[in-house]
Amino acid sequence: MSERPAVASRPGFLDSFFKITDRGSTVPREIRGGLVTFFTMAYIVVLNPLIIGTVKDGSGQYVGGGTDPTASIAKVAVATALIAGVITILMGLVANFPLALATGLGLNAFLAYSVASKMTWADAMGLVVLEGIIILLLVLTGFRRAVFEAVPRQLKIAISVGIGLFIAFIGVIDAGFVRRPAAPTGPPVELGVGGSLRGWPVLIFVVGLVLIVTLYARKVKGAILIGILAATVLAIVVEAITNVGARTTDNPGGWGLSVPALPDNWFSKPDLDLLGEFNLFGSFEKIGAVSAILLIFTLMLADFFDTMGTMTAIGAEANLLDADGNPPNAQRILIVDSVAAAAGGAASVSSNTSYIESASGVGEGARTGLASVVTGICFLISMVVAPLVTLVPYEAATPALVLVGFLMMTQVKGIDFDDLEVAIPAFLTIILMPFTYSISAGIGAGFVSYTLLKVVRGKAGQVHPLMWIVSALFVVYFAIGPLGDWLT
């Protein structure tokens, strides 16, 4: 009997829709990558409520309404998870890119402590919605993508490298491995507490990092996810035995954010009262048009370039960039990100933006939007399964950020450090991201110095017209503080 001819298998729906095979990935890798990204950035569901849910706005009310911060925290947590889940799924389905989004750290604190005190929280969220709409218009007109494509390739590489250092710095800081010293006259940062590592949580971080690096070096599939889960289990066991507790001034060796312990209640009913709590033009009435416009400009510039840097870094790590350093579906990525900013304001949880922690999922193998869909679903589940987020402490998740920082750092070899016109801007971009704790500040310093060096060396004609415009905007951005004081 003759053998039946082999029939080529057809790709399944997921493979065809997300182009999984075309990008050299598999469904299991995408799922693992999505899970890793979630566990690496899930802290935002706990941290965002602590930042914006515990402050009072200009009307004396806690964010989220009422006079009880506990109720406000619960409402903010649910809304944070909801918007992160929906927008991240949208990123996966529309842009097919392994990028997750959630409330932006830094901007949320800026809004809570610097803006909300001058107006109601709803007014402040109106500013965020306006900023998101303006960025969306800039994307739809092609301006935002044109700016992105005008950036020289080596500066894009510098952005990726800088973000690599930034994400590694975030990892060691959040884990308590590196900290701000208690003495005001000491160095700005130090190893552990007083120059030495203290507490079981830091040991969990070290064990997790060693495990992830070892598994990755031996090319074990799922190295990052295995490391996070193993460190989490070990953390739960250690807490059950030693009762370490949360990190405080009196307990510097405690857990950084959430204490890993099995909860009494695994489920909670989500409260969605915050959705729609924004006042579009209330800020103009409270602080005047000039001050409101300056605040919108500040928010817009931070969102505008944070995402540009993040999607470049993610694309480079996933090997998805084209010859000019642009990721696939860049326009769609920018559209979803712009919608995310407005959606965060409309849900009263602050502007949502792209998360560099997505690189941890890419390090696990994610290459498509399926990973984002998985991450988004996990965020939605966390709305009702409360322990899903609080079980994983900083110290178990942050080792992934350190490894990913190394992977992104390897791109530095693509920068020509013999060419001062590129080398100095690249250097400033790289170091200022972690030093200022701001992606936008690093990008701005790189752009401004690049344009300046071209001018002083008589090569102004080589600067793209959009680079001139953006550099001028960054000069205004860096001067926004004294400028605002002068105008008000």
Exercise for review: Determine yes or no for a side-chain-to-main-chain donor-acceptor pair under 3.5 angstrom, with Y216 supplying the side chain and G363 the backbone.
Suggested key: no

**Study point:** Approximate separation, where rounding is to 0.5 Å, of R367 CZ and T21 OG1
**Key:** 13.5 Å

Exercise for review: Using atom types as modelled and distance alone, determine if a side-chain donor or acceptor of S372 lies under 3.5 Å from a backbone N or O of F97.
Suggested key: yes

Review point. Is there side-chain contact between P98 and V362, with heavy atoms separated by less than 4.5 Å?
Key: yes

Revision key, fill the gap. All heavy atoms of V244 vs all of G253, minimum pair found to be CG1-O, 3.5 Å

Check your understanding: Is the side chain of T375 donor-acceptor paired with the backbone N or O of A100 at a distance under 3.5 Å, no angle test?
Key -> no

Practice item. Answer yes if the side chains of T310 and S354 hold a donor-acceptor pair under 3.5 Å, and no otherwise. Key: no

Point to revise | Over 12 foreign heavy atoms within 6.0 Å of CH2, W468 | key: yes

Check your understanding: Looking at side-chain heavy atoms only, is the closest gap between F278 and S348 below 4.5 Å?
Key -> no

Check your understanding: Got a donor-acceptor contact below 3.5 angstrom from the S358 side chain to the Y355 backbone?
Key -> yes

Exercise for review: Starting at CD1 of I204, measure out to CH2 of W200 and round the result to the nearest 0.5 Å.
Suggested key: 7.5 Å

Point to revise | Side chains of L165 and M433 in contact at under 4.5 Å (non-hydrogen atoms) | key: no

Check your understanding: Does the R332 side chain pair with the main chain of V94, one donor and one acceptor, at a distance under 3.5 Å?
Key -> yes

Review point. Counting N and O atoms only, with roles assigned by atom type, does the side chain of R218 sit under 3.5 Å from a partner on the main chain of L215, one being a donor and the other an acceptor?
Key: no

Check your understanding: For F474, does the CZ atom have more than 12 heavy-atom neighbours from other residues, nucleotides or ligands under 6.0 Å away?
Key -> yes

Check your understanding: CE/M41 to OG1/T88 distance, rounded to the nearest 0.5 angstrom?
Key -> 5.5 Å

Practice item. Scan side-chain atoms only and decide if T307 and D337 contain a donor-acceptor pair under the 3.5 Å cut-off. Key: yes

Review point. Does Q154 use its side chain to pair, donor to acceptor, with the backbone of D416 at less than 3.5 Å?
Key: yes

Study note, to complete from the structure: Per side chain to side chain contact (heavy atoms under 4.5 Å, CB included), L93 is matched among N96, I89, L90 by I89

Review point. Between CD1 of I44 and OG of S350, what distance do you get to the nearest 0.5 Å?
Key: 8.5 Å

Practice item. Answer yes or no: does atom CZ of R198 have more than 12 heavy-atom neighbours from other residues, nucleotides or ligands under 6.0 Å? Key: no

Practice item. Indicate yes or no: does R247 engage E395 in a salt bridge with an N to O separation below 4.0 Å. Key: yes

Exercise for review: Check whether more than 12 heavy atoms from other residues, nucleotides or ligands sit under 6.0 Å from atom CG of N319, and answer yes or no.
Suggested key: no

Point to revise | L453 versus L420, closest heavy-atom pair with distance | key: CD1-O, 3.6 Å

Review point. Heavy atoms, side chains only, cut-off 4.5 Å: are F447 and V475 in contact?
Key: no

Practice item. Nearest 0.5 Å please: distance from the CG atom of L203 over to the CG atom of L197. Key: 9.0 Å

Point to revise | N-O pairing of K454 and E421 below 4.0 Å | key: yes

Exercise for review: Check L101 against L99 and note the closest heavy-atom contact, atom names and distance.
Suggested key: CD1-O, 3.8 Å

Practice item. Provide the full list of salt bridge (Lys or Arg N to Asp or Glu O under 4.0 Å) pairs with a residue in residues 437-452, sequence neighbours left out, each pair given once. Key: none

Check your understanding: Taking T368 as the fixed residue, which of R29, K19, E30 is the one that meets the side-chain hydrogen bond (donor to acceptor under 3.5 Å, both in side chains) rule?
Key -> E30

Review point. In terms of ring plane angle, is the pair Y437 and F169 parallel, tilted or perpendicular, where the classes change at 30° and 60°?
Key: perpendicular

Practice item. Find out whether V470 and T451 are in side-chain contact, i.e. whether some heavy atom of one side chain is under 4.5 Å from a heavy atom of the other. Key: no

Review point. Roughly how far apart are S338 OG and E131 CD, rounded to 0.5 Å?
Key: 8.5 Å

Exercise for review: Verify side-chain contact (heavy atoms from CB on, under 4.5 Å) between I377 and F38, making sure each step is shown before the conclusion.
Suggested key: CA-CA 9 Å; I377 291 173; F38 171 73; over 6 Å; no

Exercise for review: With the side chain counted from C-beta on, respond yes when I83 and T103 share a heavy-atom pair under 4.5 Å apart, and no when they do not.
Suggested key: no

Exercise for review: Return the minimal non-hydrogen interatomic distance between N352 and A340, and the atom names on each side.
Suggested key: CB-O, 3.3 Å

Point to revise | Heavy-atom pair with the smallest gap, counting every atom of A445 and L432 | key: CB-CD1, 3.3 Å

Check your understanding: What are the two closest heavy atoms between G132 and A341, and how far apart are they?
Key -> CA-CB, 3.9 Å

Review item, side-chain donor-acceptor pairs of residues 396-414, under 3.5 Å, at least two apart:
| unit_1 | atom_1 | unit_2 | atom_2 | d |
| --- | --- | --- | --- | --- |
| T398 | OG1 | Y394 | O | 2.8 |
| T410 | OG1 | L407 | O | 2.6 |
| K413 | NZ | T410 | O | 2.9 |

Review point. Just one of N326, L334, V139 clears the side chain to side chain contact (heavy atoms under 4.5 Å, CB included) bar with R145, so which one?
Key: L334

Check your understanding: Side chain of T37, backbone of G34: donor and acceptor closer than 3.5 Å?
Key -> no

Check your understanding: Within a strict 4.5 Å, meaning less than it, do heavy atoms of the I469 and L466 side chains meet?
Key -> yes

Exercise for review: Kindly indicate whether the side chain of L35, heavy atoms from C-beta on, has any atom under 4.5 Å from the side chain of V374.
Suggested key: yes

Review point. Just wondering, are more than 12 heavy atoms of other shown residues or ligands nearer than 6.0 Å to CZ in R23?
Key: yes

